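Heads up: the structure comes next, in structure tokens.
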Number of protein chains: 2
Amino acid sequence: MRLQPSAPAATGGPAQQRRSLEVFDRLRRAIVTGELRPNEPLIEADIAERMQVSRTPVRESMQRLSAAGLVVPRKRGWAVREFSLEDVALNAEVRAGLEGFAAGLAAQRATPDDLGRLAAIHRERLGLDPEDEKARVRTNRAFHDAVIAAARNPKLTDAIDATGLFYFNGDVVRMSSAEQMAQGNADHAQILAALEAKDSAAAETRMRAHIERTARIIRSR
Amino acid sequence: MRLQPSAPAATGGPAQQRRSLEVFDRLRRAIVTGELRPNEPLIEADIAERMQVSRTPVRESMQRLSAAGLVVPRKRGWAVREFSLEDVALNAEVRAGLEGFAAGLAAQRATPDDLGRLAAIHRERLGLDPEDEKARVRTNRAFHDAVIAAARNPKLTDAIDATGLFYFNGDVVRMSSAEQMAQGNADHAQILAALEAKDSAAAETRMRAHIERTARIIRSR
DNA sequence: GCATTCTTGTTTGCATGCAAACTCGCATGC
DNA sequence: GCATGCGAGTTTGCATGCAAACAAGAATGC
């Protein structure tokens with residue numbers, strides 16, 4: 001997940017809300033990695049002590065986490081939001097629509113540079129050791145991000161980021177089998193071809209189908 | 001804009017974060033209506049006094065406003081985010097993609113009830129006094145909301161809500177002329193027909209075109 | 001024995017206190 | 001005249017205080 005636009009510059013920033021944002025980030029990470037289990041109640045004083053801050057930054061980060069949909073209000077305080085398989089599938093559907101749309105725009109707007117970058121990522125991916133899970137996830141992300149960036153609409157990028165994730169409380173959904181990886185690469189190749197041909201409709205259709213395939217894999221687990 | 005999912009039940013709720021959420025809501029309204037001008041710095045103590053609360057709920061609501069993209073961090077504190085015409089146009093593009101996608105899903109999933117509701121809204125709209133600006137805005141919203149609801153994907157609904165609005169700092173973009181209203185109604189009729197025919201592709205295409213038309217009107221102002 | 005009220009401890013929501021960071025005007029030096 | 005440095009006044013970021021809401025168990029009534 002890309003960081004909120006309000007994240008301060010990495011270095012030399014005004015150190016504005018340092019504690020508050022760090023708490024936000026640590027909690028976010030803890031939730032999406034599953035370290036904090038779904039429905040686990042979040043005790044302010046507890047978190048504050050563990051992170052060596054007062055309750056104030058903890059409370060402020062709760063507001064952000066709530067806005068991001070990662071925690072939900074309880075009668076008293078907050079609890080970790082539970083992401084069900086159904087949630088993930090619904091998200092995947094939205095993402096299919098959004099990323100498909102982005103691919104369609106990218107077909108119209110991608111510069112030769114964009115296309116070169118995409119082709120390079122794709123080539124790297126083809127040469128990958130199938131056992132290297134990390135590299136597979138990274139290059140897959142890179143491919144999708146590059147397509148989204150080529151759509152040249154920052155609002156669209158935000159919207160896609162906001163849908164979040166292909167994980168639910170820590171269990172990353174992965175294209176585990178070798179065939180699935182081959183299928184994914186074939187999809188990417190088709191998408192890339194459509195972008196290079198500036199065929200907007202094809203790019204959209206193929207990206208949508210590519211993500212819907214992933215959604216189906218999730219549903220069938 | 002629909003309220004955050006974390007909004008408490010209207011009555012009898014646990015009165016949880018009453019002040020904090022009220023401040024959020026009042027500020028949100030003040031920003032989108034333009035009462036608070038773009039780039040206006042937001043002084044905590046000032047707002048707190050005006051709203052008769054302490055700085056704490058003000059600060060908490062800032063976190064939410066920031067997450068919603070309505071305020072941006074300054075070197076010191078926060079300022080009202082400026083929505084440029086360009087921002088609105090980019091948003092409209094995203095919305096065209098999302099609502100088009102929603103219409104496509106709605107064509108597959110709308111119940112007879114959904115279709116009845118939509119037809120009723122459409123009929124009401126046709127009989128409207130063209131001078132009744134409020135009713136036009138309201139029924140237009142109702143039509144779009146009904147289509148979105150028929151897509152039966154709450155995440156999609158959230159994503160559409162999050163893109164926000166057709167206003168920028170208070171200036172609602174309206175289909176001002178009579179022709180524009182007629183054109184809008186003709187679009188709606190076509191969309192409705194596609195939904196009734198369960199023609200997903202047509203519903204998507206027409207909804208997308210309908211919103212892109214609005215975007216073009218915005219751009220040309 | 002079961003339900004109901006009372007009691008006590010926890011945890012929140014909000015207010016306030018305080019030091020540090022920044023702003024801006026003014027004075028001083030060149 | 002322009003730049004640089006200093007100091008008073010804001011305004012923030014975070015810590016802490018406090019009363020009210022809630023939860024859970026003990027005591028009481030039936």
Side-chain angles (χ1 to χ4, degrees), chain A residues 3-28 31 36-37 39-67 70-81, chain B residues 3-28 30 36-37 39-67 70-81:
Chain A
L3 250 60
Q4 293 282 353
S6 54
T11 48
Q16 189 195 33
Q17 294 194 135
R18 216 176 327 103
R19 275 163 247 247
S20 188
L21 281 173
E22 186 184 328
V23 172
F24 170 76
D25 214 53
R26 286 179 63 179
L27 287 176
R28 183 180 65 71
I31 291 169
L36 286 170
R37 300 310 304 169
N39 294 316
E40 184 163 344
L42 297 164
I43 311 295
E44 291 177 5
D46 199 24
I47 294 165
E49 196 189 13
R50 250 206 300 277
M51 299 201 181
Q52 293 294 321
V53 296
S54 80
R55 282 173 51 217
T56 303
V58 175
R59 287 177 57 77
E60 287 182 1
S61 75
M62 285 299 167
Q63 299 292 325
R64 268 177 190 278
L65 290 166
S66 171
L70 291 174
V71 305
V72 291
R74 283 265 178 282
K75 272 154 288 192
R76 185 98 93 102
W78 307 92
V80 176
R81 157 86 174 274
Chain B
L3 249 61
Q4 293 281 355
S6 55
T11 48
Q16 189 195 30
Q17 292 195 137
R18 217 176 325 106
R19 274 161 249 245
S20 187
L21 282 173
E22 186 185 327
V23 173
F24 170 76
D25 214 54
R26 286 179 64 179
L27 286 176
R28 184 180 64 70
L36 287 170
R37 299 309 305 169
N39 294 315
E40 183 162 343
L42 297 164
I43 312 295
E44 292 176 6
D46 199 22
I47 294 164
E49 197 189 12
R50 250 206 300 277
M51 300 202 181
Q52 292 294 319
V53 295
S54 81
R55 280 174 52 219
T56 303
V58 175
R59 285 176 59 76
E60 288 182 1
S61 74
M62 286 297 169
Q63 298 293 324
R64 270 178 188 278
L65 289 165
S66 172
L70 291 174
V71 305
V72 291
R74 284 264 179 282
K75 270 155 289 193
R76 184 98 92 100
W78 308 93
V80 175
R81 156 87 173 274

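In this text, all values refer to a predicted model and were calculated from it rather than measured experimentally.
- Here dG17(C) presents its C1' atom at 14 Å from CD of Glu44(B), a figure rounded to the nearest Å.
- The distance between atom CE of Met62(A) and atom P of dC14(D), rounded to the nearest whole Å, is 15 Å.
- No N or O donor and acceptor, one from the side chain of Arg19(B) and one from the base of dC14(C), sit under 3.5 Å apart.
- Taking 4.0 angstrom as the limit, Thr56(A) places none of its side-chain polar atoms (N or O) nearer than this to OP1 or OP2 of dC14(D).
- The side-chain heavy atoms of Arg37(B) and Asn39(B), taken from C-beta on, include no pair separated by under 4.5 Å.
- Shown here for Leu70(A) and Arg28(A), the closest heavy-atom pair between the two residues is CD1-CG, 3.5 Å.
- Comparing dA15(C), dA23(D), dA15(D) against the side chain of Val53(B) picks out dA15(C) as the nearest.
- Residues Gln63(A) and Trp78(A) have side chains in contact (heavy-atom distance under 4.5 Å, counting atoms from C-beta outward).
- Between Arg74(A) atom CZ and dA21(D) atom C1' there is a gap of 18 Å when expressed in whole angstrom units.
- Atom CZ of Arg18(A) is separated from atom C1' of dA19(C) by 14 Å (rounded to the nearest Å).
- In this structure, the CD1 atom of Ile43(B) is 12 Å from the P atom of dT23(C), given to the nearest Å.
- Judged purely by distance below 3.5 Å, without hydrogens or angles, the side chains of Ser66(A) and Arg64(B) pair a donor atom with an acceptor atom.
- For Pro57(A), whose side chain is taken as the heavy atoms from C-beta onward, the closest listed nucleotide among dA23(D), dC14(C), dC14(D) is dC14(D).
- The shortest side-chain heavy-atom distance between Leu27(A) and Met51(A) falls under the 4.5 Å cut-off.
- The phosphate of dG13(D) (OP1 or OP2) has a side-chain N or O of Arg59(B) nearer than 4.0 angstrom.
- The CD-C1' distance, from Glu49(A) to dT16(D), rounds to 15 Å in whole Å.
- Both Leu42(B) and Ser54(A) lie near DNA chain D, and the one whose nearest nucleotide falls closer to the 5' end is Leu42(B).
- Each end of the helix from dG1(C)-dC30(D) to dC30(C)-dG1(D) gets its own axis from five base pairs, and the two axes differ in direction by 0°, given to 10 degrees.
- For Arg55(B) against dG13(D), a side-chain N or O and a base N or O form a donor-acceptor pair under 3.5 Å.
- Across the protein-nucleic acid pair, Arg76(B) atom CZ and dT11(D) atom P stand 8 Å apart, rounded to whole Å.
- The side-chain heavy atoms of Leu65(B) and Leu42(B), taken from C-beta on, include no pair separated by under 4.5 Å.
- Taking atom CZ of Phe24(A) as the reference point, atom P of dG13(D) lies 17 Å away to the nearest angstrom.
- When the nearest nucleotides of DNA chain D are assigned to Ala45(B) and Gln52(A) by heavy-atom distance, the more 5′-ward of the two goes with Ala45(B).
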